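Quick note on labels: first sequence line is chain A, next is B, and so on, each numbered from 1. Only a predicted model underlies this, so the values are computations on that prediction, with no experimental measurement involved.
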Amino acid sequence: MAQKPSIPKGTRDFSPAEMVKRNYIFETIKEVFRLYGFQPIETPAMENLSTLMGKYGEEGDKLLFKILNSGDFAGNVQDETWTEKNSNKLTSKISEKGLRYDLTVPTARFVVQYQNEIIFPFKRYQIQPVWRADRPQKGRYREFYQCDVDVIGSNSVLNEVELVQIIDDVFSRLKIRTVVKINNRKILSGIAEVIGENNRIADITVAIDKLDKIGLEKVNAELSEKGVSSEAIENLQPILALKGSTAEKIAQLENILSGSGIGLKGIAEIKKLFGYLGNLQLNTEVELDLTLARGLNYYTGAIFEVKAKDFEMGSICGGGRYDDLTGIFGLPNVSGVGVSFGAERIYDVLLQANLFPQHSAETTKVLFVNFGEREEAYCLPVLAGLRKMGINAEIFPDSAKMQKQMTYANKKNIPFVVLAGESEMQAQKFTLKNMETGEQNSVSAEELINILSQS
RNA sequence: GUGGUUGUAGUUCAGUUGGUUAGAACGUCGGAUUGUGGUUCCGAAGGUCGUGGGUUCAAAUCCCAUCAUCCACCCCA
């Protein structure tokens with residue numbers, strides 16, 4: 001046996017059966033995006049490293065896949081650069097491109113680059129793979145798809161409302177019961193301000209984020225370890241302990257944050273958002289969750305996270321608002337708000353719950369068994385008629401054994417088989433077999449098309 | 001980046017204190033069945049035991065190295 005071929009760690013092949021399922025998710029998501037007026041863009045798999053570096057923090061830079069320069073990349077490097085063995089320095093000499101790490105930064109680049117052509121507010125969606133040189137583990141890959149939908153260039157809370165509607169719409173169609181958790185960065189900033197730790201927002205939010213994971217005590221321990229004063233931690237306790245309905249939480253927070261301008265601004269936004277959402281007939285639950293911080297530190301307003309009920313699984317969708325999306329590329333004061341659907345995790349949920357449709361537009365509906373040349377000729381016009389009606393149909397290309405052809409239909413999960421041999425030809429009929437019930441009928445060409453276009 | 005796990009047939013895995021020719025299930029192919037699949041029965045093909053070295057009369061089994069894999073942590077989707 002020759003050496004077994006393989007693919008890089010953390011990457012995957014997708015079989016036809018898997019692609020049918022994946023496309024079901026992507027198509028459902030796209031349909032909903034279009035329904036709200038979003039249009040697709042695509043950007044290249046690779047970006048200039050100058051576009052990517054420094055946008056994801058120090059960790060992120062390490063997790064970027066870098067592309068070796070073409071040609072004689074080593075020739076221009078000075079000897080001392082090699083011998084110094086400083087990877088960072090060396091990298092900049094031999095690599096100037098990298099694989100995209102997410103879709104947000106390329107979109108920001110896109111907006112800045114085409115700012116004079118883009119119609120604002122820019123409502124775009126983008127479904128493409130991204131790459132991270134992370135160490136893969138369960139449910140985490142080095143190549144995976146992101147399904148982003150964003151509105152860029154509008155500060156209106158109406159966008160947040162519509163994003164929640166989109167989330168509701170998508171998961172209703174996929175039949176996944178969800179709860180949408182919402183928070184606001186300004187409230188978190190307000191909290192930091194009120195407890196007197198203005199510039200420790202990052203540490204505080206990261207710690208708060210872990211509240212339901214590691215518990216109150218460990219969060220407090222982590223906070224003091226990070227250098228947050230014990231007084232501030234003390235002041236934080238009533239906030240962490242907030243209970244009750246969203247409306248009740250908001251009322252209490254309004255009180256607590258009365259001394260913080262930014263905090264009150266956040267309250268106002270949240271109030272408006274929940275006010276709108278309250279009047280909509282949503283299937284999903286929506287709640288204010290102050291422990292929701294998300295690691296990304298560029299969010300400045302609303303923060304979203306969607307969890308699947310009935311499943312032990314991380315979030316299946318998340319996002320938020322960032323007020324200065326494009327500033328780093330030289331276009332300040334452009335706000336963006338969006339969410340990203342986690343296709344891989346949604347796939348796992350649908351698979352576990354057996355929620356994928358049995359047959360889709362991408363599977364064959366009917367197979368014609370091949371009995372020989374004369375029979376082939378007899379079948380071809382009907383086959384063409386079926387396809388004209390938009391029915392996926394195929395004929396087995398060789399007059400192989402019947403058993404083999406039936407097995408083929410069975411494995412491809414084709415629901416109908418047509419048998420047309422000598423006796424059928426004589427009677428100008430076709431035998432239509434239902435592969436699920438085993439039942440079969442003799443029908444004319446016209447009836448065949450009628451039956452298949454209706455079932 | 002840190003810690004651990006496992007590498008045996010296409011796949012999932014057995015394989016005794018080291019001992020003759022390395023097994024099973026599923027899958028594949030063929031047959032029972034020249035026009036009937038998914039359920040039955042019979043048969044066949046398929047392995048340099050991840051790779052390299054060492055210990056031994058003898059290694060899938062013990063030791064070392066190396067590569068790969070999966071899992072957890074950090075972080076994230």
Paired and unpaired positions of RNA chain B as dot-bracket, Watson-Crick or G-U wobble under 3.5 Å, | denoting a partner strand = ((((.((..((((.....[...)))).(((((.......))))).....(((((..]....))))))).))))....
Would you list the protein and nucleotides 30-33 of chain B atom pairs, both N or O, that sit under 3.5 Å from each other?
from: rG31(B); atom 1: OP1; to: K401(A); atom 2: NZ; distance (Å): 2.8
from: rG31(B); atom 1: OP2; to: K401(A); atom 2: NZ; distance (Å): 2.4

Got a list of protein N/O to nucleotides 26-28 of chain B N/O distances below 3.5 Å?
from: rU28(B); atom 1: OP1; to: K411(A); atom 2: NZ; distance (Å): 2.4

Decide yes or no, distance alone: a donor-acceptor N/O pair under 3.5 angstrom between the base of rC75(B) and the side-chain of R140(A).
-> yes
Using a heavy-atom cut-off of under 4.0 Å over every strand shown, decide if R132(A) touches base, sugar-phosphate, or nothing.
-> base
Sugar-phosphate, base or nothing in reach of S423(A), heavy atoms under 4.0 Å | base
E344(A) near the nucleic acid: base, sugar-phosphate alone, or nothing, with a heavy-atom cut-off under 4.0 Å?
-> nothing
To the nearest angstrom, how far is R100(A) atom CZ from rA77(B) atom C1'?
-> 15 Å
Can you check whether any acceptor in the base of rG35(B) is under 3.5 Å from a donor in the side chain of Q405(A), or vice versa?
-> no
Side-chain heavy atoms of Q146(A) within contact of R100(A), under 4.5 Å | no
For K9(A), report the nucleic acid contact type (base, sugar-phosphate, nothing); a contact means any heavy atom under 4.0 Å.
-> sugar-phosphate
Hey, does G438(A) reach any base, or is it just sugar-phosphate, or nothing, if we go heavy atoms under 4.0 Å?
-> base
When all nucleic acid strands are considered with a 4.0 Å heavy-atom cut-off, which category describes E424(A): base, sugar-phosphate, or nothing?
-> base
Does any donor-acceptor pair link the side chain of N410(A) with the base of rG38(B) at a separation under 3.5 Å?
-> no
Regarding E424(A) and T431(A), is there a side-chain donor-to-acceptor distance under 3.5 Å anywhere?
-> yes
